[in-house]
Number of protein chains: 2
Amino acid sequence: MFSIGQLSSKVGVKVPTIRYYESIGLIDPPHRSEGNQRRYEPEVLDRLTFIRHARDLGLSIDAIKDLLILNANPDMPCDEAHLIANQHLKDLARKITQLQQLSLELTRITQNCDSDTVGHCKVLEALGDHSTCKSDH
Amino acid sequence: MFSIGQLSSKVGVKVPTIRYYESIGLIDPPHRSEGNQRRYEPEVLDRLTFIRHARDLGLSIDAIKDLLILNANPDMPCDEAHLIANQHLKDLARKITQLQQLSLELTRITQNCDSDTVGHCKVLEALGDHSTCKSDH
DNA sequence: TGTAATTGCTCTAGTGACTAGAGGTTCAAG
DNA sequence: CTTGAACCTCTAGTCACTAGAGCAATTACA
């Protein structure tokens, strides 16, 4: 039996976040002590670790809910789990490409300025004028 | 003189977003028509273009506020503008690296499974067990 | 000039995934 | 038995918008 603080430090999820997860139905409400404090059974460790890990990997709470349902039904085909993971991989790839473009753009902008004062600063000029941009963000 | 809809289509910023920008003090409240509708002078085009471009590049509203103040004072040194841009470049680089690691991790996880059912699905196993991970996300 | 369609107005609430704070209660150690 | 840390609930705030309700003004066309 753990208190919420012990659970928090074991799993690496903050105390208010654990209560938040309970409030949105991601984890079940645990039993309470006589003084109304949460007391967790060891099983919750696995579930919370799963959640934390999936969140670290950038999966949304909704996606995690789906995966948790799958996880609870060992006889179901796991295609859907792969589908969710692959969908997320696609999202990641798109985000990475976009950020790389922006990074290039910003590098180009900053390297272009040799002025001292704002009046002729190329960074500020470039921000005010979209036409000099290479990509179509 | 533009209506808010005309301004919106000229600059590519949605109408509610323009009103939102006004509400947080990013753009000045414009004059109104007799019927209380917003009427914009042409000057706002530049400012809103600046804002839109900076937002597209991922800068925060707070950073943009700073840049707009700089922009209005052509005699100030532009070091600060470069500082903001460079800070943002660092953030971008960090984010990109992190996403790439996650992408690798997720790829490794998904390629590792040749099961049909959830019971032995490596994707779900890996999500439940952090210890198999290469990076320390 | 009449009318219908479009565009505009304000206000409130919702999004995602938490985080912060107030004001109070319970628990564990000494 | 006391002290201080950890716990409780509840509300509100974060960021940068977005959605919707209910109504008013403007514009285009006949």
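Just so it is clear, the model here is predicted, and its values are computed rather than measured. Labels below follow one simple rule: chain letters A, B, ... track the order of the sequence lines, proteins then strands, and each chain is numbered from 1.
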Value in whole Å for how far the [atom2] atom of [N] lies from [atom1] of [X]:
X	N	atom1	atom2	value
A:M1	C:dC27	CE	P	12 Å
B:Q37	D:dC23	CD	P	18 Å
A:Y20	D:dC7	OH	C1'	21 Å
B:H31	D:dA25	NE2	P	20 Å
A:Q6	C:dA28	CD	C1'	11 Å
A:F2	D:dC7	CZ	C1'	17 Å
A:Y40	D:dA6	OH	C1'	14 Å
A:L26	C:dG16	CG	P	13 Å

Qualifying residue for side-chain contact (heavy atoms from CB on, under 4.5 Å) with A:R38, from A:L7, A:I4, A:V15, A:V44: A:I4

B:R55 side chain vs B:L59 backbone, donor-acceptor pair below 3.5 Å: yes

Is B:L48 reachable from B:I24 through a run of I, L, V, M, F, W or Y residues, each pair having side-chain heavy atoms under 4.5 Å apart? yes

According to a 4.5 Å side-chain heavy-atom criterion applied to Ile, Leu, Val, Met, Phe, Trp and Tyr, with indirect links allowed, do B:I18 and B:L45 form part of one hydrophobic cluster? yes

Would you please confirm or rule out a distance under 4.0 Å between OP1 or OP2 of [N] and any side-chain N or O of [X]?
X	N	value
A:Y21	C:dC18	yes
A:K14	C:dT19	yes
B:R39	C:dT7	no
B:R38	D:dA25	no
A:R55	C:dC18	yes

Check every strand shown and say whether A:R19 touches a base, only sugar-phosphate, or nothing at a heavy-atom separation below 4.0 Å. base

Determine the contact category for B:I24: base if any of its heavy atoms lies under 4.0 Å from a base atom, sugar-phosphate if only primed atoms, P, OP1 or OP2 are that close, otherwise nothing. nothing

Starting from the 5' end of DNA chain C, give me the residue, A:S33 or B:S3, whose nearest nucleotide shows up first. B:S3

Want to settle it: does B:N36 or B:D62 sit nearer the 5' end of DNA chain D, counting the closest nucleotide to each? B:D62

Rounded distance (nearest 0.5 Å) linking atom CD of B:Q87 with atom CD of B:E80: 12.5 Å

